[in-house]
**Student:** 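One structure, pasted below without further comment.
Labels below follow one simple rule: chain letters A, B, ... track the order of the sequence lines, proteins then strands, and each chain is numbered from 1.
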Protein chains: 2
Amino acid sequence: MRVISKSGEYGLRALLHMASNQENEGFFNIREMSEELDISFHFLTKILQVLTQKGILQSYRGPNGGVGFLKSPEEITLSELVRALEGDDFFDKCLLGLPGCGERQPCPMHAYWMGIRNNLKSEFETTSLADLGKNTRLQHLRLIA
Amino acid sequence: MRVISKSGEYGLRALLHMASNQENEGFFNIREMSEELDISFHFLTKILQVLTQKGILQSYRGPNGGVGFLKSPEEITLSELVRALEGDDFFDKCLLGLPGCGERQPCPMHAYWMGIRNNLKSEFETTSLADLGKNTRLQHLRLIA
DNA sequence: AATATTTAAGAGTATTTTGTCTTTTATAAA
DNA sequence: TTTATAAAAGACAAAATACTCTTAAATATT
């Protein structure tokens with residue numbers, strides 16, 4: 001098992017790369033990013049397309065085209081990114097996978113799991129992409145294997 | 001995305017079912033369980049086989065055969081079960097999927113994620129299957145859709 | 001206008017996970 | 001000892017996820 005999908009990992013890595021190179025300011029070339037991060041170009045393109053469709057990134061085609069932030073990384077929360085990459089119901093899912101699990105018809109782990117899940121949710125909601133990106137830049141942390 | 005795999009969900013549901021019907025005491029028939037929980041019989045069999053191989057369950061073949069707990073549910077932690085069902089490294093994985101991520105060569109999210117991960121880990125380590133099973137029995141909570 | 005560049009989109013392939021079916025092995029009961 | 005029952009094991013099929021390749025559309029430069 002993995003906590004997030006491969007696409008999610010790739011997406012987060014690309015976003016962190018962008019956020020930690022914001023002096024670059026404008027648009028990032030996807031081909032270059034794919035090489036720097038060692039992620040398949042076409043696959044990364046698709047993942048970033050989704051983020052563009054969800055209004056997190058904007059893109060331009062043609063020479064010097066690329067992808068850039070639509071909102072400032074200060075205003076982008078980790079929670080928002082995980083939902084965009086892993087599905088809107090990420091923080092609502094039943095641990096046992098039971099559909100319709102909730103207050104009205106809880107599974108045996110509902111209350112327990114909801115506590116844990118909500119902690120994670122609020123943690124992710126109060127962490128911005130800028131926070132993580134600054135960290136990356138200042139400490140020269142790696143985004144590749 | 002899902003937090004645990006489908007096999008993991010099925011395994012937990014079966015174990016909760018067993019733990020909450022402990023008056024039954026002895027062995028549980030897998031066919032019956034698969035019907036009560038609406039899980040494919042053969043698939044469930046394989047999942048329980050793994051739990052048997054990992055020393056959490058024991059099994060007997062033949063008439064009145066089945067699977068039962070090897071240790072008492074009081075002594076089985078949720079942490080142990082998740083590791084058995086999702087892999088031993090469940091609580092050690094890098095959120096970005098980077099191999100070898102750790103103190104020596106951390107990814108930008110390492111410290112942050114380690115905090116969250118360790119919380120989850122200790123939460124799961126201090127929760128027994130018996131706790132969850134008792135809950136299920138006393139409150140008549142559902143394990144099926 | 002023509003060409004080159006770069007993302008978008010879609011079709012197709014590979015791998016992993018999930019699920020099914022069949023055969024084997026162990027055990028109990030007649 | 002034969003038969004029935006139930007888990008173990010393995011081969012196979014289907015679905016989901018991950019990845020590749022080709023074509024289309026947009027934009028900039030000449």
**Student:** Give the rounded distance in Å between these two atoms: CG of A:L44 and C1' of D:dA18.
**Tutor:** 13 Å

**Student:** Nearest whole Å is fine: how far is C:dT18 C1' from B:I4 CD1?
**Tutor:**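 Value for this atom pair: 15 Å.
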
**Student:** Checking B:T127 now: which residues fulfil side chain to side chain donor-acceptor pair (under 3.5 Å) with it, not counting sequence neighbours?
**Tutor:** A:Y112

**Student:** May I have the list of side-chain donor-acceptor pairs in residues 113-124 of chain B shorter than 3.5 Å, sequence neighbours left out?
**Tutor:**
from, atom 1, to, atom 2, distance (Å)
B:W113, NE1, B:K93, O, 3.3
B:R117, NE, B:F91, O, 3.0
B:R117, NH1, B:D92, O, 3.0
B:R117, NH1, B:K93, O, 2.8
B:N118, ND2, B:M114, O, 3.4
B:S122, OG, B:N118, O, 3.1
B:S122, OG, B:N119, O, 3.2

**Student:** Which whole-number value in Å describes the distance from A:E9 CD to D:dT17 C1'?
**Tutor:**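 Rounding to the nearest Å, CD of A:E9 and C1' of D:dT17 are 13 Å apart.
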
**Student:** Provide, to the nearest angstrom, the distance between the CZ atom belonging to A:F43 and the C1' atom belonging to C:dT15.
**Tutor:** 12 Å

**Student:** Does a side-chain N or O from A:S40 land closer than 4.0 Å to OP1 or OP2 of D:dC19, or not?
**Tutor:** no

**Student:** Starting at atom OH of A:Y10, determine the distance to atom P of D:dA18, rounded to an integer number of angstrom.
**Tutor:** 8 Å

**Student:** Let me know the distance between CD of B:Q58 and C1' of C:dA26, rounded to the nearest Å.
**Tutor:** 15 Å

**Student:** Roughly, in whole Å, what's the span from CG in B:L85 to C1' in C:dT18?
**Tutor:** 15 Å

**Student:** May I ask you to say whether B:E80 pairs ionically with B:K71, meaning some side-chain N is under 4.0 Å from a carboxylate O?
**Tutor:** yes

**Student:** In whole angstrom, what separates B:E86's CD from C:dT17's C1'?
**Tutor:**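 From B:E86 CD to C:dT17 C1': 12 Å.
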
**Student:** Going 5' to 3' along nucleotides 3-12 of chain C, which nucleotides have protein heavy atoms under 4.0 Å from the base (write B), which only from the sugar-phosphate (write S), and which from neither (write -)?
**Tutor:** --BBBBBBB-

**Student:** Please identify each residue that fulfils side chain to side chain donor-acceptor pair (under 3.5 Å) with B:E75, with sequence neighbours left out.
**Tutor:**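 Partners of B:E75 by the side chain to side chain donor-acceptor pair (under 3.5 Å) criterion come out as none, since no residue qualifies.
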
**Student:** Check residues 39-66 of chain A and write down every donor-acceptor pair under 3.5 Å in which the side-chain atom is one partner and the other belongs to a residue at least two apart or another chain.
**Tutor:**
from, atom 1, to, atom 2, distance (Å)
A:S40, OG, A:F43, N, 3.2
A:T45, OG1, A:F41, O, 2.8
A:T52, OG1, A:L48, O, 2.9

**Student:** Mind checking side chain to side chain donor-acceptor pair (under 3.5 Å) for A:S34 and listing every partner two or more places apart, or none if nothing turns up?
**Tutor:**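 For A:S34, no residue satisfies side chain to side chain donor-acceptor pair (under 3.5 Å) once neighbours in sequence are set aside.
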
